[in-house]
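Remember, predicted model here, so these are calculated numbers, not experimental data.
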Amino acid sequence: MLSQDSNDDTEDVSLFDAEEETTNRPRKSKIRHPVASFFHLFFRVSAIIVYLLCELLSSSFIACMVTIILLLSCDFWAVKNVTGRLMVGLRWWNHIDEDGKSHWVFESRKASPQENKTVSEAESRIFWLGLIACPVLWVIFAFSALFSFRVKWLAVVIMGVVLQGANLYGYIRCKVGSRKNLTSMATSYLGKQFLKQNTGDDQTS
């Protein structure tokens with residue numbers, strides 16, 4: 001079932017709702033895709049390590065810059081096309097229709113009741129931890145390079161923010177749906193917290 005947002009030409013494809021259909025089923029903590037889990041962290045962590053130790057590893061700025069950009073590019077491709085689909089069942093991409101109009105598609109895999117599959121909690125934690133933590137570090141590096149006047153590193157750091165931030169934004173859109181769903185989710189969450197707090201106050205009084 002496809003729903004298209006005419007404002008930004010995006011499509012949200014609901015192929016599964018993991019939270020609703022796996023709530024009453026046990027979640028496996030075993031890592032089912034060890035290779036994907038390894039490469040989900042390998043490229044992005046390696047890029048950060050090279051950035052932090054580049055002056056110790058090599059005196060050539062060009063060599064360090066090329067190495068970091070290659071690692072970031074490999075990470076972008078691997079996370080966008082492989083690890084997101086295998087580890088959490090999410091995928092996003094862009095396609096051009098026959099009229100030349102660009103469409104962004106955000107997908108999530110729906111697990112049918114006939115399939116004996118459960119969500120790996122360990123893989124989900126690894127995926128989201130790596131997806132969120134690394135872009136935050138690149139943002140910190142950007143401010144650090146700016147305030148320390150390391151202008152030559154700004155292009156490299158901005159590349160890290162853009163590539164890893166794009167994957168973060170894409171998978172958040174896959175997870176929560178269209179923008180209008182963000183408001184409803186926030187409202188629902190605040191309502192639940194308010195109700196829970198009031199219920200707890202009533203029980204203690």
Side-chain angles (χ1 to χ4, degrees), residues 10 13 15-16 18 27-95 102 104-109 117-148 150-176:
T10 63
V13 185
L15 302 180
F16 94 123
R27 293 165 63 91
K28 290 184 178 180
S29 59
K30 182 180 178 181
I31 296 178
R32 299 169 55 194
H33 304 94
V35 176
S37 300
F38 171 78
F39 282 105
H40 177 72
L41 297 176
F42 174 76
F43 291 119
R44 54 184 50 214
V45 172
S46 297
I48 292 174
I49 292 175
V50 172
Y51 174 78
L52 293 174
L53 303 179
C54 58
E55 295 181 353
L56 299 176
L57 298 175
S58 174
S59 58
S60 173
F61 168 74
I62 300 298
C64 292
M65 181 184 68
V66 171
T67 302
I68 294 171
I69 291 178
L70 284 176
L71 289 170
L72 290 172
S73 301
C74 292
D75 170 75
F76 178 81
W77 183 89
V79 174
K80 179 178 179 295
N81 298 298
V82 181
T83 64
R85 178 174 55 85
L86 293 178
M87 297 174 69
V88 291
L90 303 175
R91 184 173 62 174
W92 65 276
W93 77 92
N94 175 267
H95 74 91
S102 177
W104 291 95
V105 181
F106 304 91
E107 277 189 352
S108 55
R109 183 180 66 238
K117 292 182 180 180
T118 56
V119 177
S120 172
E121 187 176 0
E123 284 187 351
S124 179
R125 288 179 177 176
I126 292 173
F127 179 84
W128 290 108
L129 179 62
L131 194 71
I132 295 172
C134 291
V136 171
L137 289 177
W138 284 110
V139 171
I140 295 174
F141 295 157
F143 283 105
S144 175
L146 183 63
F147 293 133
S148 60
R150 300 176 64 191
V151 181
K152 66 179 182 179
W153 287 104
L154 272 179
V156 178
V157 174
I158 290 174
M159 181 72 70
V161 173
V162 170
L163 290 179
Q164 297 196 353
N167 265 328
L168 176 60
Y169 173 79
Y171 282 114
I172 288 177
R173 286 293 306 272
C174 292
K175 185 69 175 175
V176 303

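A side-chain donor-acceptor contact under 3.5 Å links Ser120 to the backbone of Lys30. Between the side chain of Ser144 and the backbone N or O of Ile140 there is no donor-acceptor pair closer than 3.5 Å. Ser37 places a side-chain N or O within 3.5 Å of a backbone atom of His33 that can act as its donor or acceptor partner. In this structure a side-chain-to-backbone donor-acceptor pair under 3.5 Å is present from Asn81 to Trp77.
One distance of note links OG of Ser124 with CG of Leu90; it measures 8.5 Å at 0.5 Å rounding. The structure places CE of Met65 at 12.0 Å from OG of Ser58, a figure rounded to the nearest 0.5 Å. A distance of 11.5 Å separates CG of Leu163 from CG of Leu71, quoted to the nearest 0.5 Å. Between the CG atom in Leu56 and the CG atom in Leu53 there is a gap of 6.0 Å [rounded to 0.5 Å]. Expressed to the nearest 0.5 Å, how far CD1 of Ile62 lies from OG1 of Thr67 amounts to 11.0 Å. Between the CZ atom in Arg85 and the CZ atom in Arg91 there is a gap of 7.0 Å [rounded to 0.5 Å].
Across all their heavy atoms, His40 and Asp75 have their closest contact at O-OD1, 3.9 Å. Heavy atoms only, all atoms of each residue included: Arg32 and Glu123 are closest at N-OE2, 2.8 Å. Of all heavy-atom pairs spanning Tyr51 and Ile68, the tightest one is CA-CD1, 3.7 Å. The shortest non-hydrogen separation linking Lys80 to Tyr171 is O-OH, 3.2 Å. Taking all atoms of both residues into account, the shortest heavy-atom contact from Gly130 to Leu41 is CA-CD2, 3.8 Å. Looking at every heavy atom in both residues, Gly170 comes nearest to Phe106 through O-CD2, 3.4 Å.
A parallel orientation is assigned to the rings of Phe147 and Phe143, their planes being inclined by less than 30° (bins at 30° and 60°). The aromatic rings of Phe42 and Phe38 sit parallel, their planes meeting at an angle under 30°, below the 60° perpendicular limit.
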Before you tell me yes or no, could you show the steps for Tyr169 and Trp92 under ring pair (Phe, Tyr, Trp, His ring centres under 6.0 Å), namely the whole-Å CA-CA distance, both residues' side-chain angles and the distance that decides it to 0.1 Å?
CA-CA 10 Å; Tyr169 173 79; Trp92 65 276; 8.2 Å; no
Does the pair Trp138 and Ile48 meet the rule for a side chain to side chain contact (heavy atoms under 4.5 Å, CB included), with working shown?
CA-CA 8 Å; Trp138 284 110; Ile48 292 174; 3.8 Å; yes
I would like to know whether Ser102 and Asn94 meet side chain to side chain contact (heavy atoms under 4.5 Å, CB included); could you show each step before the answer?
CA-CA 7 Å; Ser102 177; Asn94 175 267; 2.6 Å; yes
Go through the steps for Phe43 and Leu72 under the test side chain to side chain contact (heavy atoms under 4.5 Å, CB included), then give the verdict.
CA-CA 7 Å; Phe43 291 119; Leu72 290 172; over 6 Å; no
Kindly determine whether Asn167 and Phe76 satisfy side chain to side chain contact (heavy atoms under 4.5 Å, CB included), including the steps that lead there.
CA-CA 7 Å; Asn167 265 328; Phe76 178 81; 3.5 Å; yes
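Using a 4.0 Å cut-off between a side-chain N of Lys or Arg and a carboxylate O of Asp or Glu, Arg150 and Glu55 qualify as a salt bridge.
Crowding of Arg125 atom CZ: a count of heavy atoms from other residues, nucleotides or ligands under 6.0 Å not exceeding 12.
With a 4.5 Å cut-off on side-chain heavy atoms, Arg44 and Val79 count as touching. Looking at heavy atoms from C-beta onward, Val35 lies out of side-chain contact with Leu86 at the 4.5 angstrom threshold.
Within the 6.0 Å centre-distance limit, the rings of Phe61 and Trp153 are counted as a close aromatic pair.
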